[in-house]
**Q** 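Encoded as structure tokens, here's the structure I'll be asking about.
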Amino acid sequence: MRKFSVTNSALWGLVIGALCMLAIIAFTGRARNVPMAGYLIDLLGGAVAGAGSFSLLAWIHNLIMRAK
């Protein structure tokens with residue numbers, strides 16, 4: 001197996017996290033009285049969580065590959 005780039009993994013996580021949060025917002029039927037800034041904060045939170053988890057997984061994978 002090859003090493004993963006932590007930066008590329010974070011970018012992919014950013015996109016996938018934002019798309020997943022967008023799907024959650026669309027399918028849960030959030031209240032209409034939530035201002036648009038609330039939706040943007042939710043999308044940003046999903047993107048940051050995705051970027052953090054993907055980069056952490058890439059870092060752990062690289063540590064395992066280095067140990068072998």
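FYI, side chains are in, hydrogens and waters are out, and symmetry mates aren't considered; it's all heavy atoms of this structure. Nothing fancy with the numbering, it's 1 onward along the sequence.
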**Q** Can you list everything that forms a side-chain contact (heavy atoms from CB on, under 4.5 Å) with I60? Sequence neighbours excluded, please.
**A**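 With sequence neighbours excluded, I60 shows a side-chain contact (heavy atoms from CB on, under 4.5 Å) to L56, I64, given in chain and number order.
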**Q** My understanding is that a hydrophobic cluster links ILVMFWY residues whose side chain heavy atoms are under 4.5 Å apart, including indirect links. Using that, what else belongs to the cluster containing F4?
**A**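 Grouped by the 4.5 Å side-chain rule, F4 forms a cluster of one, so the answer is none.
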**Q** With hydrophobic residues grouped by side-chain heavy-atom distances under 4.5 Å, do L22 and Y39 end up in a single group?
**A**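 L22 and Y39: one cluster.
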**Q** Show me the pairs that pass salt bridge (Lys or Arg N to Asp or Glu O under 4.0 Å) and involve residues 2-13, at least two apart or across chains.
**A**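 Qualifying pairs, neighbours excluded: none.
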**Q** Enumerate the residue pairs fulfilling salt bridge (Lys or Arg N to Asp or Glu O under 4.0 Å) with a member in residues 38-58, sequence neighbours excluded, ordered by first and then second residue.
**A**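 Non-adjacent pairs meeting salt bridge (Lys or Arg N to Asp or Glu O under 4.0 Å): R30-D42.
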**Q** Going by side-chain heavy atoms closer than 4.5 Å, which hydrophobic residues are tied to V48, directly or by a chain of links?
**A**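 L44, all in the cluster of V48.
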**Q** Of all the heavy-atom pairs spanning S55 and V6, show the shortest one and how long it is.
**A**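 Here S55 and V6 meet closest at CB-CG1, 3.7 Å.
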**Q** May I ask whether M21 and M36 are part of the same hydrophobic cluster, defined by side-chain heavy atoms of I, L, V, M, F, W, Y residues being less than 4.5 angstrom apart, directly or through others?
**A**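 In one cluster with M21: M36, yes.
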**Q** Sort and list the pairs that fulfil side chain to side chain donor-acceptor pair (under 3.5 Å) and have at least one residue in residues 13-29, not counting sequence neighbours.
**A**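 Qualifying pairs: none.
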**Q** For T7, which residues count as a side-chain contact (heavy atoms from CB on, under 4.5 Å) partner, sequence neighbours excluded?
**A**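 With sequence neighbours excluded, T7 shows a side-chain contact (heavy atoms from CB on, under 4.5 Å) to S5, given in chain and number order.
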**Q** Considering only residues two or more places apart or on different chains, which pairs with a residue in residues 10-21 satisfy salt bridge (Lys or Arg N to Asp or Glu O under 4.0 Å)?
**A**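 Qualifying pairs: none.
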**Q** Suppose clustering is done on Ile, Leu, Val, Met, Phe, Trp and Tyr with side-chain heavy atoms closer than 4.5 Å. Which residues sit in the same group as L14?
**A**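 Cluster partners of L14: none, it stands alone.
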**Q** Other members of the hydrophobic cluster containing F54, with the 4.5 Å side-chain heavy-atom rule, please.
**A**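 Via sub-4.5 Å side-chain contacts, F54 links to W12, I16.
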**Q** Of all residues at least two apart in sequence or in a different chain, which pass the side-chain contact (heavy atoms from CB on, under 4.5 Å) check with I41?
**A**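 Scan of I41 (side-chain contact (heavy atoms from CB on, under 4.5 Å), adjacent residues dropped) gives none.
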**Q** Tell me the salt bridge (Lys or Arg N to Asp or Glu O under 4.0 Å) pairs involving residues 56-67, sequence neighbours left out?
**A**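 Residue pairs passing salt bridge (Lys or Arg N to Asp or Glu O under 4.0 Å), neighbours aside: none found.
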